[in-house]
Amino acid sequence: MAKQIHDTPMLDQLESGPWPSFVTGLKRLAKDNDMMVDLLGQLEHSYETRKGFWKGGTVGVFGYGGGIIPRFSEVASKFPDSAEFHTLRIQPPAGMHYSTAVLRQMCDVWEKHGSGLVAFHGQSGDIMFQGIRTDKVQAAFDEFNEMGFDLGGAGPAVRTSMSCIGHARCEQSCYDTARAHRDIVNTFMDDMHRPALPYKFKFKFSGCPNDCMNSVQRADMAVIGTWCDDMQVDQAEVKAFVASRGRQYVLDNVTTRCPTKCIRLKDDDTLDVDNRNCVRCMHCINVMTKALKPGKDRGVTVLIGGKRTLKIGDLFGTVVVPFMKLESQEDMDRLREIAQNTIDFFAENALEHERTGEMIDRIGLVNFLEGIGLEVDPRMIDYPRVSSYVRMDGWDEEAAKWNERKAG
Amino acid sequence: MAEMRPPIESGVPDPFQYMHPMLRRNYGQWKWHDRPRPGVLHHVAESGEEVWSVRAGTQRQMDLYTVRKLCDIGDEYAEGFVHFTIRSNIEFMVTDKSKVDPLIAKLQAEGFPVGGTGNSVTMIAHTQGWLHCDIPGTDASGVVKSLMDELHAEFIREEMPNRVHITTSCCQINCGGQGDIAINIQHTKPPKINHDLVGNVCERPTVVARCPVAAIRPAVVNGKPSLEVDEKKCICCGACYPPCPPMQINDPEHSKLSIWVGGKNSNARGKPQFHKLVAAGIPNNPPRWTEAAAIVKKILHVYKKDAKDWERMADWVERIGWPRFFELTELPFTKFHIDNWRGARNTLNASTHIRF
Ligand code: HEM
Ligand code: SF4
Ligand code: SF4
Ligand code: SF4
Ligand code: SF4
């Protein structure tokens with residue numbers, strides 16, 4: 001039995017309604033947990049005053065420089081039992097699969113050491129165990145760590161990553177996202193656990209251009225599946241689809257929505273795809289899930305520099321590898337090498353608190369590509385330069401390089 | 001400290017040990033899928049094996065009793081395995097079709113809405129807010145809860161023109177990300193500086209460097225080293241607040257909500273797009289943020305009515321044009337909608353393409 005709970009008239013209003021209520025959950029925890037009693041009190045106080053009352057600080061575990069988000073209350077005199085309410089960021093299994101057994105084990109550890117409040121998952125992908133006192137952090141981490149879980153990233157470090165469900169349950173998946181996620185991110189554990197980069201660095205892995213992981217915008221390095229041969233079309237299924245939905249539906253919702261107008265419905269109710277002009281947008285495949293599929297020669301596109309607002313405004317990643325296979329160990333090693341080169345270049349050249357996208361914006365894509373050893377490619381741009389204000393006296397050498405690459 | 005235990009730097013856990021056996025068996029071998037009803041995905045493998053995934057909304061910030069309850073459901077109906085989506089929905093994989101309906105009934109009875117698939121309004125991307133961030137201008141869990149209460153009917157159906165991904169952010173760092181609709185804090189006054197604390201608490205050059213518009217300069221105030229802000233230049237972004245908490249940006253009255261429309265990350269049809277400002281100056285009103293919810297519902301209502309099948313919010317606005325968007329949603333168009341940040345010129349109409 002915990003201490004008397006505070007009156008929370010504002011939070012109480014969030015207990016009604018059809019969506020599951022976090023307030024009801026907090027109150028359930030507060031029945032036998034004093035920390036949650038005061039946490040509810042502080043949260044109600046925030047609702048009343050429209051102010052936040054947490055400040056940061058320094059809390060960690062032995063051997064690591066990051067991964068715990070310290071939270072100290074500024075109103076601890078009123079709410080002493082939630083004076084310390086730190087978060088453990090724990091990396092999820094690739095693809096966010098869980099057995100109920102492991103979830104129960106996590107609950108038991110968290111019941112023993114922490115508040116009992118957990119988020120599946122934070123926007124960066126961590127399991128966020130929210131609410132633990134400084135003196136219990138090490139013990140909780142030790143137990144999670146013994147279970148096979150590791151802390152995620154915080155501060156100027158490689159951050160926790162996410163991969164889509166991909167091969168595990170999606171026919172659109174063009175590479176093994178879980179394997180890439182583990183192979184790549186696990187290479188950078190030192191950069192995750194001992195923050196020493198100019199700023200955060202995020203990887204994300206999406207199996208196809210639907211980009212369920214939002215990697216184009218949320219990752220410094222986005223690895224997105226794609227294919228380079230012809231899309232697979234099962235014409236019998238196309239006919240069945242036309243028969244059930246009607247020609248007009250296919251015209252309105254499949255062919256006219258193709259961004260490059262490269263897919264046509266023929267008189268015999270089959271589809272004709274001009275694959276050279278298909279930009280692998282996924283739309284037609286999303287609509288006709290049984291009839292259409294990505295091609296068989298699959299790989300990835302790599303984009304660098306996605307981020308949110310601070311400081312120059314939102315950026316999407318930019319293509320730096322238009323296509324590469326990601327099947328053999330050598331393919332994976334090559335991707336790891338590109339990632340390593342990128343992080344090394346970032347570590348050396350970014351200003352403090354500058355993301356990769358901002359760095360590329362400042363120095364230009366070409367300098368970045370030269371820095372990490374990648375060749376220019378017209379698939380990296382929307383259109384060529386429009387300004388003539390540039391010095392071009394190296395033209396012949398550059399043209400020769402292109403011709404050489406084309407020949408080789 | 002000889003007794004300290006060195007960490008095992010195991011990194012990302014191997015998912016196969018936690019993966020439903022049916023998914024493990026058919027890894028990389030899926031053939032096609034369809035959606036028999038909202039909230040259920042049906043996948044068929046090359047081997048002919050089939051799996052039904054039932055998706056339910058959660059509150060994301062879960063107490064361990066809720067997690068255990070979900071585990072009980074998983075044990076009873078889904079062979080002891082679950083999967084979480086990026087939007088904190090939980091999925092139960094069912095290999096016996098006859099268990100799908102009982103599972104749905106059970107989830108609904110326990111208060112977990114089944115839906116969030118296909119062309120629905122799925123769970124809102126959720127940040128930390130007053131519950132546990134150190135810089136928030138508003139709450140996150142409460143905003144999401146109150147909006148999802150309002151949008152519940154669209155979560156459990158698939159009746160929108162295309163999927164709708166909503167995001168929220170409780171400061172202008174915008175952890176929530178791009179969305180078809182984004183509801184974000186927008187401060188409207190410069191930081192209030194506690195000059196007594198700046199010298200001791202803040203690394204001044206770092207703070208000066210953090211400002212996107214170079215509005216901060218070192219100063220001596222009341223004989224103490226501090227920082228001052230050129231309030232004419234300041235865009236009230238709050239970027240100085242995390243590295244320097246004495247520069248308080250959050251204001252119960254003047255930290256407002258803004259609403260942005262048309263962002264997407266997927267490549268389907270058009271390229272990924274950023275969301276665009278449509279409304280601001282919305283009061284930050286706990287516990288239910290009714291003013292913001294009303295605008296979101298209005299936008300969704302108009303979109304649902306006017307957009308064609310498969311038009312994502314961005315596609316729809318591109319077809320009908322922004323003037324018509326403001327007309328249909330009855331939102332005021334102001335000088336603040338005209339961008340003046342980097343690249344702003346590319347956002348202006350340099351043509352005579354105008355709809356009348
Ligand atoms: C004191 C400072 C900060 C704290 C405590 C903090 C904490 C967090 C947390 C906990 C998340 C996950 C949010 C959730 O899902 O609940 C997150 C995500 C994020 N944060 Fe921060 N953050 C801070 C500063 C920043 C800054 C300065 C930036 C930007 C420049 C930033 C950008 C982001 C972005 C973009 C995400 C979403 C990431 C993704 O989806 O990969 N944060 N942050
Ligand atoms: S990103 Fe593509 S492959 Fe991955 S889950 Fe989404 S649709 Fe499937
Ligand atoms: S994937 Fe996109 S670009 Fe390619 S044919 Fe289909 S709709 Fe057109
Ligand atoms: S949006 Fe801002 S206030 Fe909200 S969780 Fe992210 S960093 Fe914290
Ligand atoms: S609020 Fe933003 S613009 Fe204003 S001083 Fe701080 S960092 Fe600069």
Side-chain angles (χ1 to χ4, degrees), chain A residues 10 13-14 17-20 22 25 28-29 46-47 50 52 54-56 62-63 91 93-100 103-104 107 116 119-120 123 130 142 145 148 150 167-169 171 178 182 185-186 189 209-211 214 216-217 253 257 259 281-283 289-290 308-311 314 316, chain B residues 4-13 15 18-19 23 27-28 30-33 43 59-68 71 74-75 80-84 111 130 132 134 136 141-142 145 148-149 152 173-175 177-178 212 239 252 265-269 272 274 286-287 309-310 341:
Chain A
M10 291 185 92
Q13 294 177 54
L14 290 170
W19 198 257
F22 71 102
R28 173 65 189 86
L29 291 171
S46 280
Y47 271 59
R50 302 187 196 177
W54 299 113
K55 57 177 189 256
F62 179 71
Q91 296 183 65
M96 294 172 170
H97 303 273
Y98 297 91
S99 63
T100 53
L103 287 178
R104 288 184 201 279
C107 287
F120 288 95
Q123 293 300 331
Q130 300 158 341
D142 285 345
N145 199 209
D150 197 0
H167 275 22
R169 202 200 56 202
E171 74 276 11
R182 296 190 71 229
V185 174
N186 286 350
M189 278 306 110
N210 281 325
D211 197 2
N214 304 333
V216 70
Q217 166 237 161
N253 295 300
R257 293 233 173 276
C281 86
M282 295 301 293
H283 173 74
T289 51
K290 207 169 173 182
R308 280 239 60 193
T309 317
L310 192 76
K311 143 179 178 180
D314 293 50
F316 286 129
Chain B
M4 292 303 267
R5 170 190 166 280
I8 304 163
E9 299 204 42
S10 46
V12 188
Y18 306 124
M19 194 183 288
L23 306 194
Y27 195 80
W30 294 97
K31 193 167 178 206
W32 59 275
H33 81 278
H43 284 86
Q59 59 270 59
R60 188 183 97 146
Q61 313 291 131
M62 285 186 277
D63 57 292
L64 52 88
Y65 303 101
T66 298
V67 179
R68 285 177 182 152
C71 288
D75 287 342
F81 294 89
V82 301
H83 167 252
F84 281 95
W130 288 327
H132 73 128
D134 59 347
S141 323
K145 158 72 177 151
M148 287 314 295
D149 278 343
H152 173 261
I173 285 169
N174 296 338
C175 296
Q178 293 294 322
N265 299 300
S266 129
N267 289 275
R269 300 165 309 282
F274 293 128
D309 284 353
W310 293 97
W341 192 247

Report the distance from atom [atom1] of [X] to atom [atom2] of [Y], rounding to the nearest 0.5 Å.
| X | Y | atom1 | atom2 | value |
| --- | --- | --- | --- | --- |
| A/Asp150 | A/Met189 | CG | CE | 6.5 Å |
| B/Cys175 | A/Gln123 | SG | CD | 7.5 Å |
| A/Phe62 | B/Arg5 | CZ | CZ | 10.5 Å |
| B/Leu64 | A/Leu103 | CG | CG | 11.5 Å |
| A/Met96 | B/Tyr18 | CE | OH | 14.5 Å |

Winner by heavy-atom pair count (cut-off under 4.5 Å) against chain B, out of [options]:
| options | answer |
| --- | --- |
| A/Cys107, A/Gly25, A/Ala94, A/Pro20 | A/Pro20 |
| A/Pro18, A/Gly17, A/Pro209 | A/Pro18 |
| A/Thr289, A/Val216, A/Asp211 | A/Thr289 |
| A/Ser46, A/Pro259, A/Gly63 | A/Ser46 |
| A/Ala168, A/Ala178, A/Gly52, A/Ala119 | A/Ala168 |
| A/Gln13, A/Arg182, A/Met282 | A/Arg182 |

Which portion of [X] sits near chain A, non-hydrogen atoms under 4.5 angstrom:
| X | answer |
| --- | --- |
| B/Trp341 | side chain |
| B/Tyr65 | side chain |
| B/Thr66 | neither |

Are B/Asp63 and A/Arg28 within salt-bridge range, i.e. N to O under 4.0 Å?
no
Among [options], which residue has the highest count of heavy-atom pairs closer than 4.5 Å to chain A?
| options | answer |
| --- | --- |
| B/Ser10, B/Gly111, B/Pro212, B/Pro136 | B/Ser10 |
| B/Gly74, B/Gly28, B/Ser266, B/Pro7 | B/Pro7 |
| B/Asp75, B/Val82, B/Asn265 | B/Asn265 |
| B/Ala239, B/Gly142, B/Pro6, B/Pro15 | B/Pro15 |

Name the region of A/Lys290, side chain, backbone, both or neither, that has any atom closer than 4.5 Å to a heavy atom of chain B.
both
Would you please indicate yes or no on a ring centroid separation below 6.0 angstrom for B/Tyr27 and A/His167?
yes
Aromatic ring pairing B/His33/B/His43, orientation class (parallel under 30°, perpendicular over 60°, tilted between)
parallel
B/Phe84 vs A/Phe120 aromatic rings, parallel, tilted or perpendicular, using cut-offs 30° and 60°?
parallel
